[in-house]
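Indexing begins at 1, ligand by ligand and atom by atom, following the structure's order. Values below: all heavy atoms of this structure, side chains included; hydrogens, waters and symmetry mates excluded. Residue numbers start at 1 and run along the sequence shown. Being a predicted model, the structure only gives us computed values, none of them experimental.
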Amino acid sequence: MKKIAVLTSGGDAPGMNAAVRAVVRKAMYHDVEVYGVYNGYEGLMEGNIKKMELGSVGDIIQRGGTILYSARSEEFKTDDGQYKAIEQMKEFGIEGLIVIGGDGSFRGAAKLTEKGFPCIGVPGTIDNDIPGTDYTIGFDTALNTIVNAVDKIRDTATSHERTYVIEVMGRDAGDLALWAGLANGAESVIIPEQTESFESVVAKLKRGQERGKKHSIIILAEGVGSGVEYGKKIEEETKMDTRVTVLGHIQRGGSPSGYDRVLASRLGAKGVDLLLENIGGKMVGVENNMVVYSDILEILNTKHNVNMNMYKLANQLSI
Ligand code: ADP
């Protein structure tokens, strides 16, 4: 391949820019031309495609968001939309595409590959909900954002006797909540994969109060439901003053952590290597600190599992 393209799609995640940079620089290192597609699949169908230079990705490794922007497109889900996208790339002489995004974006990449246009997926989402990789780009940064926020809540909490419910992101996955629960020493972690019974959460809060605990922290994954509703129920049941914080989109922003920058650099570069070997339809990932790749279709048919040993540990440490 002599010309490839890169796009970011779906929900953005810190570290996507570092991945774009790695794709551009690694391709150029191998004398391959790289094109940046703006606004995800929407931009791909419209031909919003620009040639990237070494300088196009200068000074972005530390920036959150994505310089290529992201978008969602219904039209691209149709065969017509996908053929339109392939036509646009052919006009530029582009022969392969790297898609940085989540599972929805990978469905699109699989469809293009099926239609004869090789694509490689690079997992970029804060949710860590993609099989075939131990970590997704953005997870570590989002985790650290949560950890810092909960630390601050804890500081103010020490002066009051209160229960705090903190709702964190993660879509249907409990990874962010679980890791944050362990990292913040939360009393309870409520995740969609294994919801601790309400009675047990309440019993734990009461035990803590009897022991003279000043405050308790409950971390709830958004996939379980509303933190505000959960907080109301807790207050009704325990009669303890309860406050709810929904961390929201601050979790998606910010400068990527060192780990995410390194991960993005490794995965972006591997994506280029695969395309240059004429391999498409794969997603790159990291397992046991080794860069690996697997079939996108297989990944899309596999369920993401949260680490239940860690869940057990979180409960053991919060007795
Ligand atoms: P994420 O990649 O973060 O999971 P989405 O689920 O919103 O985000 O997917 C991003 C885009 O990928 C969608 O707007 C759509 O254009 C494309 N996409 C999603 N599902 C499919 C599908 N089944 N076939 C083709 N394209 C899809």
* To do: Report yes if some N/O of Phe76 lies less than 3.5 Å from some N/O of ligand 1; otherwise report no.
  => no
Go through ligand 1 atom by atom and flag the ones less than 4.0 Å from a non-hydrogen atom of [X].
X      : answer
Tyr41  : 12 (O), 16 (O), 17 (C)
Arg72  : 5 (P), 7 (O), 8 (O), 14 (O)
Gly102 : 1 (P), 2 (O), 3 (O), 4 (O)

* Between Gln82 and ligand 1, which residue portion shows a heavy-atom distance shorter than 4.0 Å: side chain, backbone, both, or neither? -> side chain
* Structure fact -> Under 4.0 Å between heavy atoms, the region of Lys111 that gets near ligand 1 turns out to be side chain
* Residues forming a salt bridge (Lys or Arg N to Asp or Glu O under 4.0 Å) with Glu237, sequence neighbours excluded -> none
* Describe, in one word, how the ring planes of Tyr41 and Phe76 are oriented to each other, choosing from parallel (under 30°), tilted (30 to 60°) and perpendicular (over 60°). => parallel
* Geometric cation-pi criterion Lys233 and Phe198, 6.0 Å radius, 45° cone -> yes
* Distance under 6.0 Å and angle within 45° of ring axis: Lys50 vs Tyr38 -> yes
Counting non-hydrogen protein atoms only, what is the nearest one to [atom]? Give residue, atom name and distance.
atom                    : value
atom 22 (C) of ligand 1 : Arg107 CB, 3.5 Å
atom 26 (N) of ligand 1 : Gly108 CA, 3.4 Å
atom 3 (O) of ligand 1  : Gly11 N, 3.2 Å
atom 2 (O) of ligand 1  : Ser105 OG, 2.5 Å
atom 11 (C) of ligand 1 : Ser9 OG, 3.7 Å

Assess [X] for proximity to ligand 1: is some non-hydrogen atom of it under 4.0 Å away?
X      : result
Glu75  : no
Asp103 : yes
Arg171 : yes

* **From Gly104, Gly10, Ser73 - option closest to atom 13 (C) of ligand 1 by heavy atom** => Ser73
* Phe139 ring center near Tyr259 ring center (under 6.0 Å) -> no
* NZ/NE/NH1/NH2 to OD/OE distance under 4.0 Å, Asp103 and Arg171 -> yes
* Test side chain to side chain contact (heavy atoms under 4.5 Å, CB included) applied to Lys111 - qualifying residues, sequence neighbours left out -> Gln82, Glu114
Do [X] and [Y] come close enough that some side-chain heavy atom pair is under 4.5 Å?
X      : Y      : value
Glu95  : Ile4   : no
Asn278 : Pro118 : no
Tyr311 : Leu178 : yes

